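These notes are about the structure you will find just below.
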Amino acid sequence: MSARPATPLLDRVQSPADLRRLSDAELSRLADELRAETISAVSETGGHLGAGLGVVELTVALHAVFDTPEDKLIWDVSHQSYPHKILTGRRDRIRTLRQKGGLSGFTKRSESVFDPFGTAHSSTSISAALGFAAARDLPGGAPGDAIAVIGDGAMSAGMAFEALNNARAHAKRLFVILNDNGLSIAAPVGALATHFKDLRTQGSNQGAALFDALGFAYEGPVDGHDMPALLDVLRRARAGATGPTLIHVRTRKGKGFAAAESAADGGHATEKFDVATGAQRKAAAKAPSYTSVFAESLIAAARQDPRICAITAAMPGGTGLDRFAAEFPDRMFDVGIAEQHAVTFAAGLAAAGMRPFCALYSTFLQRGYDQLVHDVAIQGLPVRFAIDRAGYVGADGATHAGSFDTAFLANLPGVTVMAPADEAELAHMVATAAAFDDGPIALRFPRGEGVGAPLPERGVPMEIGAGRIVAPGRGVALLSFGARLAAGLGARALLARDGIALTVADARFAKPLDRALILELAQSHDALLTIEEGAIGGFGSHVAQCLAEAGIFDRGLRFRALTFPDRFLDQATPAQMYAEAGLDAEGIAAKVRGVLRG
Ligand SMILES: Cc1ncc(C[n+]2csc(CCOP(=O)(O)OP(=O)(O)O)c2C)c(N)n1
Ligand SMILES: CC(=O)[C@@H](O)[C@H](O)COP(=O)(O)O
Ligand SMILES: [Mg+2]
């Protein structure tokens, strides 16, 4: 008689309490099943794969040794948290990851008690864990240990070091797991990356003076795929720690999936894929991405001007600056996950006569805001901010939406703020920024493909503060800032069926405003609407201010500012998010009809 196949252990684990009943040998088997389940789920959803595969054994071991959820497990960035989600009661929804109404791709307090703290921007975990640890030691604080799991890339950020520096002063016990896979998204940069490499390869022979000096007991390095070794080090640490403890775990990004392991980024993020071959299923692009147009335009400008240089904070691929680096390796600076430093570093370059393009995602620029105000704007330094992923980004959800940059930039004296309506305009705006030395200048553009606009042979600098009328009409006008222009033109076509002739104009600049264009539109129409890919307080607010100052409202102009709603939208496709916000063609048309009805 053939033996019946054993029931998968994973089917017996509804929550971490179940896995704590397993033997150590069973925990190893559970890890194998968890890895297979993670690969299978992400093959259907796409998403962050490599980081999660690298921490499968670590995830099982942490939940086995610590008493989650009373012990607070905080995953830095949490792009590696899919295995954790599977083990913590979310296996039945794991194939909804990053979709509208589904599980978030990051940890989220509202999703599970096993997610004590939401993360997605990097390097916050130690501060948050320290907060939990300090609260635990005070009357009324929630009990339990606090454990931060942070990657070697995330550890390079200043914020991580601010927390490490504070730990001994504010917590009796705190666990930091350094998940060291020798990769950020790209190759990690800087002296710390070299130090971690030395520690990884030479272990205690090298010494861990850095962590000793910061008041941490250092354990490791331990092989993060060796379950018995992991269990041993975690059990000893949990039983014996009397102060902050750092456990250095060596892992392999993409572990156990050949296509991820062999990729330069360890399979950091993926489209849906075929499990057997690893081949990704990506729809063919219809137009070049904004990112690639930015990169090519910048390279073209840099060929003409040796003062042009570029800065990325650990996102060379995402910002397109990897292409720039291939041609101008000496003029591209990857500063690691260090947006604050990136901004002030760019300010220094500008003060020294260079023409720096600081290329950051909108959401990550938020971290460099004081530097933007204090180091760049007040000094009027000509730093060029190339702000990618402006607007809704889709599957990464609220934490990664580029919602606020127009508002927080356009309120700063002397800062020029542009947004292209399409990829051709972007090429011209890169040329505009390259030629502009009169102060800080920013251009914001969305994630993903352009609209298929024919690209110019080369970008030509624009007149600063000059917009344009794209399609004339009468009665009601729409003034667009950025890439909603296409939706505006779509609304125009819908409204034409009702006999409404919508004027559509492209502002190009949120600052300085094209006052002449705004006043002309206001005076020649009964109603004026603005539209932008950003939160309340941005372009529309500046136009309203301009109209109020000119006394136009006193003359009865009907005005509406179409912006993101005043709430954080969860993950969905960008199209779904824009529809939900009422910023697609149908939503704009409905708004116009409503305004005309009064
Ligand atoms: C403030 C901030 N900047 C940039 C990013 C984009 N980002 C997400 S994960 C990642 C790499 C993190 O590397 P590491 O911490 O070593 O984790 P690994 O992916 O290697 O597990 C980067 C740069 C981010 N999430 N937050
Ligand atoms: C986790 C993280 O912050 C990044 O990996 C991010 O998801 C990248 O986004 P893009 O896919 O838009 O480059
Ligand atoms: Mg790493």
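Just so it is clear, the model here is predicted, and its values are computed rather than measured. Counting starts at 1 for both ligands and their atoms, following the listed order.
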CG of Leu174 to CD1 of Ile147, rounded to nearest 0.5 Å, is 9.0 Å
Tyr392 vs Phe564 aromatic rings, parallel, tilted or perpendicular, using cut-offs 30° and 60°? parallel
Q. Counting both backbone and side chain atoms, is some N or O of Ala154 under 3.5 Å from an N or O of ligand 1?
A. yes
Ligand 1 atoms nearer than 4.0 angstrom to some heavy atom of Asn181 are 18 (P), 20 (O), 21 (O)
Between the CD1 atom in Ile247 and the CG atom in Asp180, the distance rounded to the nearest 0.5 Å is 14.0 Å
Numbered in order shown, the ligand 1 atoms found under 4.0 Å of a heavy atom of His79 are 9 (S), 17 (O), 18 (P), 19 (O), 21 (O)
Anything under 30° is parallel, anything over 60° is perpendicular, the rest tilted; go ahead and classify Phe324 against Phe328. tilted
If we number the atoms of ligand 1 from 1 as shown, the ones under 4.0 Å from a heavy atom of Ala51 are 19 (O), 21 (O)
Donor-acceptor contact below 3.5 Å, side chain Thr96 vs main chain Leu103
yes
Hey, does Met577 have a side-chain heavy atom less than 4.5 Å from the side chain of Lys100? no
Test side chain to side chain donor-acceptor pair (under 3.5 Å), reference His84, set Thr59, Thr107, Asp115, output is Asp115
Leu183 to ligand 1: N or O pair under 3.5 Å?
yes
Checklist line | Contact flag Asn181/the Mg ion (ligand 3), N/O/S atoms, threshold under 2.8 Å | finding: yes
The option among Val393, Thr399, Asp396 carrying the non-hydrogen atom nearest to atom 8 (C) of ligand 2 is Asp396
the protein heavy atom lying closest to atom 2 (C) of ligand 2 turns out to be His400 NE2, 3.4 Å
Sorted by chain and residue number, the side chain to side chain donor-acceptor pair (under 3.5 Å) partners of His121 (sequence neighbours excluded) come out as Thr363
Less than 3.5 Å between some nitrogen or oxygen of Ser122 and one of ligand 1, yes or no?
yes
Considering both backbone and side-chain atoms of Glu339, is one of its nitrogen or oxygen atoms within less than 3.5 Å of a nitrogen or oxygen in ligand 1? yes
Nearest non-hydrogen protein atom to atom 5 (O) of ligand 2, with distance, is His268 NE2, 2.7 Å
Rounded to the nearest 0.5 angstrom, the CG-CG distance for Leu30 and Leu87 is 6.0 Å
the protein heavy atom lying closest to atom 7 (N) of ligand 1 turns out to be Ile185 CD1, 3.8 Å
Of all protein heavy atoms, the one nearest atom 5 (C) of ligand 1 is Phe364 CZ, 3.3 Å
Given the side-chain rings of Phe404 and Phe408, with only the six-membered ring counted for Trp, is the space between their centroids under 6.0 Å?
no
Close approach, Lys253 and ligand 1, non-hydrogen under 4.0 angstrom: yes
Heavy-atom nearest pair, Asp388 first then Gly318, reads OD2-O, 3.6 Å
Ligand 2 atoms nearer than 4.0 angstrom to some heavy atom of Arg389 are 10 (P), 12 (O), 13 (O)
Check: His268/Lys253 side-chain N/O donor and acceptor closer than 3.5 Å
yes
_Check this for me - ligand 1, Ala120, N or O atoms closer than 3.5 angstrom, yes or no?_
yes
To atom 12 (C) of ligand 1, the nearest of Ser184, Gly151, Gly182 on a heavy-atom basis is Ser184
Atom 13 (O) of ligand 2: closest protein heavy atom, distance to 0.1 Å, is Tyr361 OH, 2.6 Å
For Arg447, the atoms of ligand 2 under 4.0 Å from one of its heavy atoms are 10 (P), 11 (O), 12 (O)
Among non-hydrogen protein atoms, atom 4 (C) of ligand 2 lies closest to His48 NE2, 3.7 Å
TODO: Using a strict cut-off of less than 4.0 Å between a Lys/Arg side-chain nitrogen and an Asp/Glu carboxylate oxygen, indicate whether Glu271 and Arg281 qualify as a salt bridge.
DONE: no
Flag Ala314 as yes when one of its N or O atoms lies below 3.5 Å from any N or O atom of ligand 1, and as no otherwise. no
Practice prompt. Check whether any N, O or S atom of Asp152 sits under 2.8 Å from the Mg ion (ligand 3).
Written response: yes
For the Mg ion (ligand 3), does an N/O/S atom of Gly182 lie at less than 2.8 Å? no
Tyr578 six-ring centre to Arg484 NZ/CZ under 6.0 Å and within 45° of normal: yes
Heavy-atom proximity to atom 23 (C) of ligand 1 ranks first, among Ile337, Thr251, Thr312, for Ile337
Of all protein heavy atoms, the one nearest atom 14 (P) of ligand 1 is Gly153 N, 3.5 Å
Quiz item: Would a 4.5 Å heavy-atom cut-off, applied to side chains only, mark Phe345 and Val335 as touching?
Solution: yes
(request) Indicate whether any N or O donor in one side chain lies under 3.5 Å from an N or O acceptor in the other, for Thr291 and Arg447. (result) no
Counting from 1 in the order shown, the ligand 1 atoms closer than 4.0 Å to a non-hydrogen atom of Arg367 are 1 (C)
Atoms of ligand 1 under 4.0 Å from any heavy atom of His121, numbered from 1 in the order shown, are 25 (N), 26 (N)
Note: ligand 2 atoms sitting under 4.0 Å from heavy atoms of Phe364 are 3 (O)
